[in-house]
Amino acid sequence: MKLRVAKPSELDLILDWAAHEGWNPGVADAPAFHASDPYGVFVAEIASDPVAAISVVNHCDNMAFLGLYLCLPDYRGQGIGYALWTHALAHAGERVVGLDGVAEQQGNYAKSGFVPAGASLRFQGSLTAAPDPTVRLATARDLPELVALDRAANGYARPRFLSAWLAGQDSRKTVVLERAGACRGFATVRRCRTGVKIGPIIADDAVVAITLARAALAVLAGDTVIIDVPSDNEPLVQALADLGFAETFATARMYRGPAPVSGPNRQAIATMELG
């Protein structure tokens, strides 16, 4: 068995594995994930073939996020996944590490020092697209303001991730709420294997979050809409329920080290793989 950094070309394969697990990744997630940390995705290789994967993306000097923890069925129960887990976590160094993990595995994550800090709830439904006069497409000039908004919302900086995530392309668009010449919030919508996901959503409250979500759908439509919401965001959870959305999935949000202090404008997370 060989443990190594994944090649950029292998990210699409890993995301195909994630799709088979029902995680429904975006159709163009791989380049943005790689740009976030080119050395942050790892594979276990047997006979020259990848059989397990994990990502530990170093967002900044004090924060990393773990995801894409996958092992092919024929290789489970042999210690391969745990060996890769240990190898990849070393990449984070002394950083705090967050994850959105399968709730039933909390006990195993706890053995590596991870402590529960709520949950991420996946909501799925339909939402009418609606342009808004205060919402426009993001431009490259907006990036510093959007990075600052995201940092205030999440409690840590992730400039490399956002530089790639917010760059417009056919299958991923970002809209910005602008008031008095300043960016007050934003939302990214991306096409996935099924439907579209909207995240992150950074907004002052749930009403503005829905406004941004509707405006995002006006530039990239989807019949099925998926939004991942922190479990402590009761106003948005209720707003989505009132709109007919159903909770379809939940993960345990856990941290190894002190959990970052999120701000009130964190409405929905970007991805369960990168936070």
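Just so we're clear, the structure is a prediction, and the values are computed from it rather than from any experiment. Start at 1 with the first residue, then count along the sequence.
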Before giving the answer on side chain to side chain contact (heavy atoms under 4.5 Å, CB included), spell out for Arg193 and Asp16 the whole-Å C-alpha distance, their side-chain angles and the decisive distance to 0.1 Å.
CA-CA 10 Å; Arg193 307 294 176 96; Asp16 282 343; 3.0 Å; yes
List the steps and the verdict of side chain to side chain contact (heavy atoms under 4.5 Å, CB included) for Ile210 and Leu243.
CA-CA 10 Å; Ile210 296 299; Leu243 288 165; 3.9 Å; yes
Set out, in order, the CA-CA distance, both residues' side-chain angles and the distance that settles side chain to side chain contact (heavy atoms under 4.5 Å, CB included) for Phe186 and Val135, then state yes or no.
CA-CA 9 Å; Phe186 69 94; Val135 179; over 6 Å; no
His34/Val41 under side chain to side chain contact (heavy atoms under 4.5 Å, CB included): CA gap, chis, key distance, verdict:
CA-CA 8 Å; His34 181 260; Val41 182; over 6 Å; no
Just do the salt bridge (Lys or Arg N to Asp or Glu O under 4.0 Å) check on Asp228 and Lys197 with the steps written out, would you?
CA-CA 8 Å; Asp228 296 332; Lys197 292 181 182 176; 5.1 Å; no
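Within the 3.5 Å criterion, the main-chain N or O of Gly107 finds no donor-acceptor partner in the side chain of Lys111. Put simply, the side chain of Arg256 never gets that close to the backbone of Ser112: no donor and acceptor are under 3.5 Å apart. For Asn154 (side chain) and Asp150 (main-chain N/O), a donor-acceptor pair under 3.5 Å exists by modelled atom type. Put simply, the side chain of Asp205 gets close to the backbone of Val207: a donor and an acceptor are under 3.5 Å apart. Side-chain N or O atoms of Gln124 include none that pairs as donor or acceptor with a backbone N or O of Thr248 at under 3.5 Å. At least one donor-acceptor pair under 3.5 Å links the side chain of Gln78 to the backbone N or O of Asp74. Side chain of Arg266 to backbone of Gly263: no donor-acceptor contact under 3.5 angstrom is found. Of the possible polar contacts, none joining the Tyr109 side chain to the Ala103 backbone as a donor-acceptor pair under 3.5 Å is found. Ser55 places no side-chain N or O within donor-acceptor distance of the main-chain N or O of Val57, the cut-off being under 3.5 Å.
To the nearest 0.5 angstrom, Thr188 atom OG1 is 9.0 Å from Ile202 atom CD1. Here the CG atom belonging to Leu217 is positioned 10.0 Å from the OG atom belonging to Ser126, to the nearest 0.5 angstrom. For the atom pair Leu166 CG and Thr174 OG1, the distance stands at 4.5 Å (nearest 0.5 Å). The structure places CH2 of Trp23 at 10.5 Å from OG1 of Thr251, a figure rounded to the nearest 0.5 Å. One finds the CD atom of Glu21 at 10.0 Å from the SG atom of Cys71 (value rounded to the nearest 0.5 Å). Considering CG of Asn233 and CG of Asn265, their distance stands at 10.5 Å, rounded to 0.5 Å.
Scanning both residues, Phe33 and Leu15, for their nearest heavy atoms gives CE2-CD2, 4.1 Å. Contact between Glu145 and Cys183 at its shortest, heavy atoms only, is OE2-N, 3.2 Å. The nearest pair of heavy atoms linking Pro50 to Glu10 is CG-OE2, 3.5 Å. Taking all atoms of both residues into account, the shortest heavy-atom contact from Leu84 to Ala44 is CD2-N, 3.7 Å. Looking at every heavy atom in both residues, Ala268 comes nearest to Pro230 through CA-CD, 4.1 Å. Across all non-hydrogen atoms, the minimal contact from Met63 to Gly98 is CE-N, 3.6 Å.
Side-chain contact between Leu66 and Leu89 is present, with heavy atoms from C-beta onward closer than 4.5 Å. A heavy-atom distance below 4.5 Å is found between the side chains of Ile227 and Val225. Side-chain contact between Leu274 and Trp165 is absent, with no heavy atoms from C-beta onward closer than 4.5 Å. Residues Val175 and Leu212 have side chains in contact (heavy-atom distance under 4.5 Å, counting atoms from C-beta outward). Pro116 is listed as a side-chain neighbour of Gln106, based on a closest heavy-atom distance under 4.5 Å.
In this structure, Leu143 is a member of the same hydrophobic cluster as Phe161, with clusters built from ILVMFWY side-chain heavy atoms closer than 4.5 Å. Cluster membership check: Val97 shares its hydrophobic cluster with Leu68, using side-chain heavy-atom separations under 4.5 Å among Ile, Leu, Val, Met, Phe, Trp and Tyr. Hydrophobic cluster membership is shared by Leu99 and Phe42, with clusters built from Ile, Leu, Val, Met, Phe, Trp and Tyr side chains linked at under 4.5 angstrom. The hydrophobic clustering, which links ILVMFWY residues whose side-chain heavy atoms are closer than 4.5 Å, places Tyr69 and Tyr39 apart. The hydrophobic clustering, which links ILVMFWY residues whose side-chain heavy atoms are closer than 4.5 Å, places Ile226 and Ile269 apart.
With respect to Arg122 and Glu247, no salt bridge is recorded, no charged nitrogen being found less than 4.0 Å from a carboxylate O. Asp204 and Arg184 are joined by a salt bridge, as a carboxylate oxygen and a charged side-chain nitrogen come within less than 4.0 angstrom of each other. The existence of a salt bridge linking Glu45 and Arg4 is confirmed by a sub-4.0 Å separation between a basic side-chain nitrogen and an acidic carboxylate oxygen. Salt bridge present: Arg190 and Asp29 bring a charged side-chain N and a carboxylate O closer than 4.0 Å. Between Asp132 and Arg214 there is no salt bridge, since none of the side-chain N atoms of the basic residue sits less than 4.0 Å from a carboxylate O of the acidic one.
Counting heavy-atom neighbours within 6.0 Å of Arg160 CZ, excluding the residue itself, gives a total above 12. When the shell of 6.0 Å around CD of Glu234 is examined, it contains 12 or fewer heavy atoms from other residues, nucleotides or ligands. Open room surrounds CG on Asp61; 12 or fewer heavy atoms of other groups in view lie less than 6.0 Å from it.
A donor-acceptor pair shorter than 3.5 Å can be found between the side chains of His91 and Asp37.
Here the rule is ring pair (Phe, Tyr, Trp, His ring centres under 6.0 Å) with Phe114, and of Trp85, Tyr255, Phe65 only Trp85 fits it.
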